[in-house]
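Sequential numbering from 1 along the given sequence is applied to the chain's residues.
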Amino acid sequence: MSLITYEFNRADNAGEISQFRATLPILQEHYQGRNELVLYLSGKLNINGVDVDGLIFKEDAIVLVEFKNYAGNIKAQANGDWFHDSERINGGAKKKDGSSKTVFEQLKINRRALRDGLAHFTKNENACNNIQALVVFSSIETLQLDEEFKWGANAWVNVTDIEHMGEELDTIKAKTRSGQSIVITPEDIFEFIRLKGLDERYIMTRYSDTNVMPSDLFHEEQPHNGDDFSPNVLLAKEMAENEKNKKGLHEAVALLQTMMDKMQKMADEKDLIIQQQKAELLQIKADQLQVASTSNADITLSPIELETETIQLIEEVKAVEKEVEIIEYKIETTIESKTQTPKKRFGMKQKILKAFNVEKESMDDEQLDLIGNTIDKSMIIAGCAGSGKSVIAMYKAQQILDSNGDVILIAYTKSLNRYMRQGKDNNLEGRFFYHWLWIDQGMPRADYIIVDEIQDFDKQDILQFINAAKKCFFFFGDTAQSIYRAFGKQTMTIDEISSLTGITVSRLYNNYRLPKPIAKITQGYLGLTEKDDKVREYSESLYHSKENALPVFIECQSKQEQIDRIVDLINENKYRNVGILVPENHLVIEIMNAFTTANFACEFKYNAGYNDSNNKDTLDFKSERPKLMTYHSAKGLQFETVILPFYQGAYNSDDKKALYVAMTRTYRNLYILYDKVLNAPLKSVPERLYEKM
């Protein structure tokens, strides 16, 4: 037996929704396979006239759950206020004089109401008379717990955070005043559900082991809470809407099919014309380049000359592509003018999600809640690589513009800035800056300032962002991906930024990019810890990618063999979205020169320093050519296939975090190439977790 979860009407506070949803996969995994039945009720639960955040029935206690959306240093006391750092934590209810009750005072009120209210619905009087309480914070760095809560009459109060909720529940064991242990059987739990009349439509089937439920409490064919919403009225509403539109459904389908056939025919005609034009233009250019290469066949070029030739070649190819784009535009304009069929236009949310490899249907409640929030208060959003931070940042920017607000979106690197601008058909152009460009243009102010990868900035940078925001700011980041301290930059962690601004962090826990086979390695074998490096241990329930290809480790005998293997991998598999990532800048030029000699088309970014004239950048994220850059330049980007050549190991925390960033850029395939010896930390990875070539 394991977990059964009910969620009733949504809580008013988005933080409570986020916290409750974050506990579900953690408790599901914690209780999975155990010989214990646990009932978890949440969602503004009303018992005896009092709304509580949550209630848990387990074999040795009934536990009142109170969510507090705070993180950091927590002080909990029986006499007086509770504090998050120096900030008072509101208990919730008001006193007669208008002041707020303390957390402990509110717990006592809720406990008393529960004790009286539950007595009508369970025969286990001992459990009702000895209800325990668990206050759950977003995350706790340090906890100062009043001695009153550790012994005696107040020992029923417990404090933990989301991540350690399961372990803390194991320590909670209610006893009577005579010291007799409380025992709650599965029959007691099922009888409570019956007597309380809990509607089975509110069962969270995704997080419940419904196989253990009696047939009168769970009917599989009936509607239940899905993954994304609570109220069962949504189902009735949708059925009523379907009935209303039923009459015209067949006509709509026929019309849609006709439109699709017509558009497909136009698309086929357009593609044929474009391919013919492309072939002619590229053949002309190929003939020109062939003549040039033949005339210079006996000339040996130096590395610098090779680099210059490479850049010139890329510029010529870009010129050809520009001509093709002009032709495509003319053809599309001609086709559109010949038809009266209107083009389907998608909302900005769908455009952004599609551009960043995210489908709306796959988004979880935390993401949708943040997207749906208003823009009238500043926010700090933290989430792992692949949790959707950049998607939400993009949508927030468009949301503000749609409300006639002035917004600036800032990323640390030029690469990430350019990558985020790849979304089509939006009016965000001109509102994107990479950090140094924003500084060079005088740090322009706006109503709203949005910053992605906020963990890459120091305190002075962050204060400048805050000062530039006339109304609100939105910071997105992940402390685990902070890799610039190795260069002497005193960046701030997400929790430090929260303390600086006084804004509670909203956290995203689910990962939709990284395949599970790769996550098992990045989270478990790079030597990064949750305490020091903020890299969470692997938890399968948090990774939702359907990709299952094992990462591939390739042993080579030389650098040249590694370069040859890269070319073969891309050509043989016809990969079209590839990131080739290396630890250091000089390797970018070394590989690029080798690619030029092999006539292998590739774009690259070489960074010799801020405003250095030797900087080279030919990246175009709208093309299908492989992208070559350093681990650091790839921060925030994603590729279908990531290739990491010249792997020589990572031995300190900074190098390991840079490797972590590089490995988490992929959403499908990962190849790691090394010379003869597989060095730490990857040498500790069990062979069952990867393929060898």
Side-chain angles (χ1 to χ4, degrees), residues 1-8 20 23 27 30-31 34-67 78 104 106-136 148-160 165-200 202-204 208-209 212-214 216-218:
M1 295 186 180
S2 54
L3 187 68
I4 297 176
T5 304
Y6 285 71
E7 183 190 23
F8 302 98
F20 166 62
T23 65
L27 292 188
H30 183 77
Y31 286 110
R34 292 171 55 165
N35 188 27
E36 177 181 4
L37 179 65
V38 177
L39 176 64
Y40 188 11
L41 311 174
S42 188
K44 203 174 182 182
L45 181 66
N46 186 283
I47 296 180
N48 198 20
V50 173
D51 290 338
V52 297
D53 293 347
L55 188 65
I56 291 177
F57 284 73
K58 62 194 195 82
E59 63 183 8
D60 46 15
I62 297 176
V63 183
L64 162 66
V65 179
E66 182 78 16
F67 290 118
F104 183 50
Q106 187 61 46
L107 287 175
K108 289 193 294 184
I109 293 172
N110 291 349
R111 188 192 192 210
R112 188 180 306 114
L114 280 176
R115 182 178 59 203
D116 297 337
L118 293 179
H120 298 283
F121 305 108
T122 178
K123 300 174 183 178
N124 197 321
E125 295 182 6
N126 286 333
C128 288
N129 291 331
N130 294 277
I131 294 173
Q132 307 294 294
L134 181 61
V135 183
V136 182
E148 288 283 343
F149 296 144
K150 299 178 182 179
W151 62 278
N154 292 335
W156 54 274
V157 177
N158 305 269
V159 181
T160 188
M165 186 175 176
E167 291 90 332
E168 187 66 23
L169 281 170
D170 287 344
T171 69
I172 299 175
K173 302 180 185 299
K175 293 185 178 182
T176 64
R177 292 186 178 181
S178 62
Q180 179 184 357
S181 296
I182 301 296
V183 177
I184 302 176
T185 66
E187 289 70 26
D188 289 337
I189 292 176
F190 294 138
E191 186 65 15
F192 167 77
I193 295 175
R194 292 188 183 97
L195 293 176
K196 183 62 178 168
L198 298 182
D199 194 327
E200 72 169 278
Y202 292 104
I203 296 174
M204 296 286 291
S208 299
D209 185 3
V212 305
M213 299 189 70
D216 64 313
L217 297 180
F218 179 79

Of all heavy-atom pairs between Gln132 and Ala61, which one has the smallest distance, and what is that distance? CG-CB, 4.2 Å

Could you check whether any side-chain heavy atom of Ile47 comes within less than 4.5 Å of a side-chain heavy atom of Phe121, counting everything from C-beta outward? no

Once rounded to the nearest 0.5 Å, what's the spacing between atom CG of Leu39 and atom CD1 of Ile56? 9.0 Å

Derivation of the side chain to side chain contact (heavy atoms under 4.5 Å, CB included) call for Met165 and Leu134: CA-CA 9 Å; Met165 186 175 176; Leu134 181 61; 4.1 Å; yes

Result for side-chain contact (heavy atoms from CB on, under 4.5 Å) between Val135 and one of Leu107, Thr160, Val65 points to Leu107

Do Arg115 and Asn129 make a side-chain contact, defined as non-hydrogen atoms from C-beta onward lying under 4.5 Å apart? yes

Please say whether more than 12 non-hydrogen atoms of neighbouring residues, nucleotides or ligands are located less than 6.0 Å from NZ in Lys173. yes

To the nearest 0.5 Å, how far apart are CD in Glu7 and CG in Leu41? 11.0 Å

If you compare all heavy atoms of Phe20 against all heavy atoms of Thr23, which two are closest, and at what distance to 0.1 Å? O-OG1, 2.6 Å

Take Leu169 and Tyr31 through the test side chain to side chain contact (heavy atoms under 4.5 Å, CB included) and record every step on the way to the result. CA-CA 11 Å; Leu169 281 170; Tyr31 286 110; 3.6 Å; yes

Counting N and O atoms only, with roles assigned by atom type, does the side chain of Ser208 sit under 3.5 Å from a partner on the main chain of Thr5, one being a donor and the other an acceptor? yes

Smallest heavy-atom separation, Leu64 atom then Arg111 atom, equals CD2-N, 4.1 Å

With rounding to the nearest 0.5 Å, note down the distance linking CD in Glu66 to CZ in Phe104. 13.0 Å

Within the 4.5 Å heavy-atom criterion, are Leu217 and Arg194 side-chain neighbours or not? yes

ring-ring contact (aromatic ring centres under 6.0 Å, His included) filter on Phe57, not counting sequence neighbours, yields Phe192

Measuring only between side-chain heavy atoms, which start at C-beta, is Ile4 closer than 4.5 Å to Phe218? no

Any side-chain to backbone donor/acceptor pair from Asn130 onto Cys128? Under 3.5 Å, distance only. no

I want to check something: taking the side chain as every heavy atom from C-beta on, are Val38 and Leu27 in contact at a cut-off of under 4.5 Å? no

Smallest separation among heavy atoms of Ala78 and Glu148, with atom names: CB-CB, 3.8 Å

Tell me whether the centres of the aromatic rings in Tyr202 and Tyr6 are closer together than 6.0 Å. no

To the nearest 0.5 angstrom, please state how far the CD1 atom of Ile172 sits from the CD1 atom of Ile182. 13.5 Å

Flag, side chain of Ser42 to backbone of Asp53, donor-acceptor distance under 3.5 Å: yes

Is there a donor-acceptor pair closer than 3.5 Å between any side-chain N or O of Asn158 and the backbone N or O of Ala133? yes

Tell me if the CD atom of Glu167 is crowded by more than 12 foreign heavy atoms within 6.0 Å. yes

With a 4.5 Å cut-off on side-chain heavy atoms, are Leu114 and Asn48 touching? no

Approximate separation, where rounding is to 0.5 Å, of Ile62 CD1 and Ile184 CD1: 4.5 Å

We want to know whether His30 and Asp170 form a side-chain donor-acceptor pair, criterion being a heavy-atom distance below 3.5 angstrom. yes

Test item: Phe190 and Asp216 side chains (from C-beta on) under 4.5 Å apart, heavy atoms: no

Is any side-chain heavy atom of Tyr40 less than 4.5 Å from a side-chain heavy atom of Leu3? yes

Looking at OG1 of Thr122 and NZ of Lys196, how far apart are the two atoms once the value is rounded to the nearest 0.5 Å? 12.0 Å

